[in-house]
There are 4 protein chains.
Amino acid sequence: MATIKNSVRLIGNIGMDPDVRTFDNNRKMVRLSIATNDSYKNDKGEKVTDTQWHNIVLWGAQASMAETYLKKGDSVLIEGKLASRSYSDKDGVKRYVTEVVVNEFIKMSGKE
Amino acid sequence: MATIKNSVRLIGNIGMDPDVRTFDNNRKMVRLSIATNDSYKNDKGEKVTDTQWHNIVLWGAQASMAETYLKKGDSVLIEGKLASRSYSDKDGVKRYVTEVVVNEFIKMSGKE
Amino acid sequence: MATIKNSVRLIGNIGMDPDVRTFDNNRKMVRLSIATNDSYKNDKGEKVTDTQWHNIVLWGAQASMAETYLKKGDSVLIEGKLASRSYSDKDGVKRYVTEVVVNEFIKMSGKE
Amino acid sequence: MATIKNSVRLIGNIGMDPDVRTFDNNRKMVRLSIATNDSYKNDKGEKVTDTQWHNIVLWGAQASMAETYLKKGDSVLIEGKLASRSYSDKDGVKRYVTEVVVNEFIKMSGKE
DNA sequence: TTTT
DNA sequence: TTTT
């Protein structure tokens, strides 16, 4: 997808260690869950924190780099595109999931 | 949400006329469905078109402008943030939906 | 340049027909001048319009498309990176110029 | 300026300590110089590094935060708009300069 | 499930 | 459900 038509940028923290899968054709996929945290004041002047969790997918070289460099708790900037797909869950219920498929990422900081 | 931490940009076509709702506090909400279209060549050199549908939500002044100016078939550029929420469907199954909450939009073209 | 580290997006109008140049190696370059217009209210509540002109450069396939499709007055969305360079003007004074080197553009509308 | 029409994002390193100025109306301005570094392979397969320096300007609250938190060598992500202005140098020569006026920034890392 |  |  031309990045000019579909572009997502998120800065957040990784909720768990990357989930790595390798397919028959040796193609690698990594899944991440990233939390973006927003703090603002509500109508009453109270500080409110809104946390959003995002499903992130990386393929190929980006997946390999994520496997090597990223882990739970790290702060990352990701740039990618928004994509949705459907699947049937274990009870046969059709489910929809929206993911960000990464083009590039930068590790911002992490625990040593 | 600071736009620097969570930012989505999409250019696509509106699939149906805006769905307008007004709540008790007189606050207006508009829902749109936008399709982004991507054309590329696959491994075999064949042209493939990938269409993704996105759930778009507008509030307040942005909702009023969408209600006035946008309709089915229009091409729009939207800028917003990615957000997810859950709800129970009519069968009591918990569902998750991911939406883009619009900060700004520009109508790119439309039918007269 | 990785777009994640240096990314510019502008929507504006083209000030004059594209300036096309072809170099020895048959590589094509196009220059555009794009005006972005901003309207806002100042401290006194008066509407103010701020117009900024931007130097835009396109190379290769993007240059060819610009030559074919763009002309004075068109509205375009461009995505590219920020770059600066120096040169000596006709009086031997060293000058600096900042340009946006385009990765992708979309024509938003134009005169028939 | 609506960010949808004029938006710049840069990730780079600060070349010198912030230059802070306070004006009569007590409004604060900070200037930064940020280097973005790009590494790629040229036609001959050699690794080339292209460094671009960018003029960055911050006002008000953003300027105060930059003064407090940023210093030479820090890595920052800035989001802003592109703007140009002219001035006469000490020899009376008219000069043009292009700057990025910051809306938001995030410090990515820095020396302790 | 993260982080501040 | 859009569009090219």
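Each chain gets a letter, A, B and so on, in the order the sequences are listed, and its residues count up from 1.
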Closest to side chain of [X], choosing from [options]:
X: Ala35(A); options: dT1(F), dT2(E), dT2(F); result: dT2(E)
X: Asn13(A); options: dT2(E), dT2(F), dT1(E); result: dT2(E)
X: Thr51(A); options: dT2(E), dT1(F), dT2(F); result: dT2(E)

Please state how far atom [atom1] in [X] lies from atom [atom2] in [N], giving the value in whole angstrom units.
X: Lys107(B); N: dT3(F); atom1: NZ; atom2: P; result: 13 Å
X: Gln52(A); N: dT2(E); atom1: CD; atom2: C1'; result: 14 Å
X: Ile14(B); N: dT4(F); atom1: CD1; atom2: P; result: 14 Å
X: Asp74(B); N: dT4(F); atom1: CG; atom2: P; result: 12 Å
X: Asp17(A); N: dT3(E); atom1: CG; atom2: P; result: 11 Å
X: Ile106(D); N: dT4(E); atom1: CD1; atom2: C1'; result: 12 Å
X: Asp50(A); N: dT2(E); atom1: CG; atom2: C1'; result: 14 Å
X: Tyr40(A); N: dT4(E); atom1: OH; atom2: P; result: 21 Å

Working for salt bridge (charged side-chain N to carboxylate O under 4.0 Å, His left out), residues Lys5(C) and Glu104(A): CA-CA 10 Å; Lys5(C) 287 189 177 173; Glu104(A) 293 180 79; over 6 Å; no
Thr49(B) or His54(B), whichever maps to the more 5' nucleotide of DNA chain F: His54(B)
Check: Ser33(A) side chain, dT1(E) base, donor-acceptor under 3.5 Å: yes
Side chain Asn37(A) and base dT3(E) donor-acceptor under 3.5 Å: yes
Lys107(D) side chain to Tyr69(D) backbone, donor-acceptor under 3.5 Å: yes
Test item: Asp17(D) side-chain N/O and Lys72(D) main-chain N/O as donor-acceptor pair under 3.5 Å: yes
Electrostatic pair Asp19(A):Arg21(A) at N-O distance under 4.0 angstrom: yes
dT1(F) base stacked by Trp53(B) (centroids within less than 5.5 Å, tilt under 30°): yes
Residues in side-chain contact (heavy atoms from CB on, under 4.5 Å) contact with Lys41(B), at least two apart in sequence or another chain: none
